[in-house]
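Input: a single structure, listed below in structure tokens.
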Amino acid sequence: MTRREGDARPARPPWMLVLPGLVGLAFLVLPLLGLLWRAPWSTLGTRLAEPQVLEALRLSLVTATAATALCMFFGVPLAWLLARVRFRGVRVVRALVTVPLVLPPVVGGVALLLALGRRGIVGRWLDDAFGVTLPFTTAGVVLAETFVAMPFLVISVEGALRAADLRYEEAAATLGASRWTVFRRVTLPLVAPGVAAGAVLCWARALGEFGATITFAGNFPGRTQTMPLAVYLALENDPQAAIVLSLVLLAVSVVVLAALRGRWTGTP
Amino acid sequence: MTAPENAEGLDARLVVRRAAFDLDLALRAAPGEVVALLGPNGAGKTTALRALAGLVATAGGHLRVDGADLAALPAERRGIGMVFQDYLLFPHLSALDNVAFGLRCRGGRRGAARREAARWLERVGLADHAGSRPRALSGGQAQRVALARALAVRPRLLLLDEPLSALDAHTRLEIRAALRRHLAGFDGAAVLVTHDPLDAMVLADRLVVLEGGRVVQEGPPAEVARRPRTGYVARLVGLNLYRGTAAGSVVTFPDGPPMGIAGSLEGEVFLAFSPASVALYRTRPDGSPRNLWRAAVGGVERQGDRVRVLLEAPGRTVAADVTAAAVADLGLVEGSEVWAAVKATEVQVYPA
């Protein structure tokens, strides 16, 4: 910013806004600094290479990626329905989709247990008919993460679909494209940045999932113990390990933020 | 319905209900004919085009192209080509893939579709730009790709929505000429929407003028230009137009003095004359002009190398074109008084 001569200087910002603002900033940043401060930098390498850490990391990456894939497979069509099809109760459906955003994840886990648990409405049938049990399995972790993360993808993709220029789809129709072809060859490529942003958010949310996972899938190392669960457990008997695991998650968050480059926060 | 008498080309009647107006338009175009829909903003031109393409639901009427009834079909099954106002080339596809898009949708194999698309790009002179993304193309190039994309699927009806409006005046002339050549090479019917009379005159074989969703005038461009039937068309082609009653060589008006004409006519007539045939004088002239009014100058505005003067004569507004020198000589400013004369021989009169 260059200031031309003669421009009035903006008045000094009032301390009643500056002071609480700075306190808020400190509150957000200090814990992260503390994490970096207390990190056992000298033994970081060896601690990261410990089998439990690697196991939790591997499980987290696999389940978060699988959950993201599920979210995309079901979430993109759901977003398309919400954005493009006029039907009664569309607002109710949209509200339902966003419920997991505001629902405490623990409640989500309980709800998943009631629906997909061995005695659950769907779970009992799955058990009887196919012998499939989901709770306390790696698949259960994926489902818990999908439940919590899907709204991020749906909202992001729906926004992109609403912002997309419908006339491209009309142009495709005049060229003989069916609605499915239009979606596949025109709509999806046009909203690809929105889908990518949604997928990254979705993945980050799945990676950090704790409440629904521990409730629905439990905490079995190598099977359902993801990074956040490992952090929580380590805090009781090995705080140093907890810090190391936290650092890894922090690094992942920073990378995600960089990948989104302000797409989520709205700043360029 | 009995078989249509004219099975070839376009035969349509479009009825579309809109909040602002109802469109009710009968439209025909023979194979090889270019019909221009001309009209002010909001007249329903684009709505008519979108209804033909199947992008807007019609409330009635019919639509036949080469005898095939298309009214009940969705856009993707009508086989009607459309060039959109800002071309709407798919930004994620190359020029070649844009042109190949429709061919692929019609079940063409990728390789065959691309070879066919390449031939179309060559035909519009863009073989070198096959790999370019739309954003790398100039407006004129994008328009030619859009035209190739629409023509590649060999439609029997081609629709063009303001095909030149996105171009700057500089390139417009050249691209208009090229578009005219391509349209001449197209053997199906074509309907073109424009609000630019010059585009319509150059590109179309026939003009259909729409106002408020209805056809107000229709005919060959020269005929429409010479004998406008509404104020909109008259302004478009730059003529003064009045409606009156003729009795012999005199036309009377509900308000304003009568005017003398060269021929002899009876009944309701339109009377048109060019602003260039209006002569202005500071004092009352002697001599022959029978149509002489005292008028106040309502406005003076420069238009290219001439000056358009708006005159408030009793009962009518008259546009006159004079040179800049005349403006100075006559001391023409807003509010000044002049004498305006039009020779009877300069006045076109035709039945209303």
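All values below come from the heavy atoms of this structure, side chains included, with hydrogens, waters and symmetry mates left out. So that the names make sense, note that chain A is the first sequence line, chain B the second, and so on, each numbered from 1.
- Contact of the Arg185(A) side chain with the Trp180(A) side chain is not registered, since no non-hydrogen atoms from C-beta on lie closer than 4.5 Å.
- Ion pairing between Glu158(A) and Arg94(A) holds under the 4.0 Å rule for side-chain N and carboxylate O.
- Salt bridge status for Asp199(B) with Arg180(B): absent, with no side-chain N to carboxylate O gap under 4.0 Å.
- When heavy atoms are compared at a cutoff of 4.5 Å, Leu93(B) approaches chain A solely by way of its side chain, counted from C-beta outward.
- Residues Leu38(B) and Val193(B) fail the side-chain proximity criterion, which asks for heavy atoms closer than 4.5 Å.
- A salt bridge links Asp187(B) to Arg156(B): at least one charged side-chain nitrogen sits closer than 4.0 Å to a carboxylate oxygen.
- Residue Arg106(B) touches chain A through its side chain alone, counting heavy-atom pairs closer than 4.5 Å.
- Ranking Ala192(A), Ala172(A), Ser178(A) against chain B, the residue ahead of the rest is Ala172(A), based on heavy-atom pairs under 4.5 Å.
- Heavy-atom pairs under 4.5 Å with chain A peak, among Phe101(B), Tyr87(B), Phe84(B), at Phe101(B).
- Looking at Arg149(B), both its backbone and its side chain come within 4.5 Å of chain A, counting heavy atoms on both sides.
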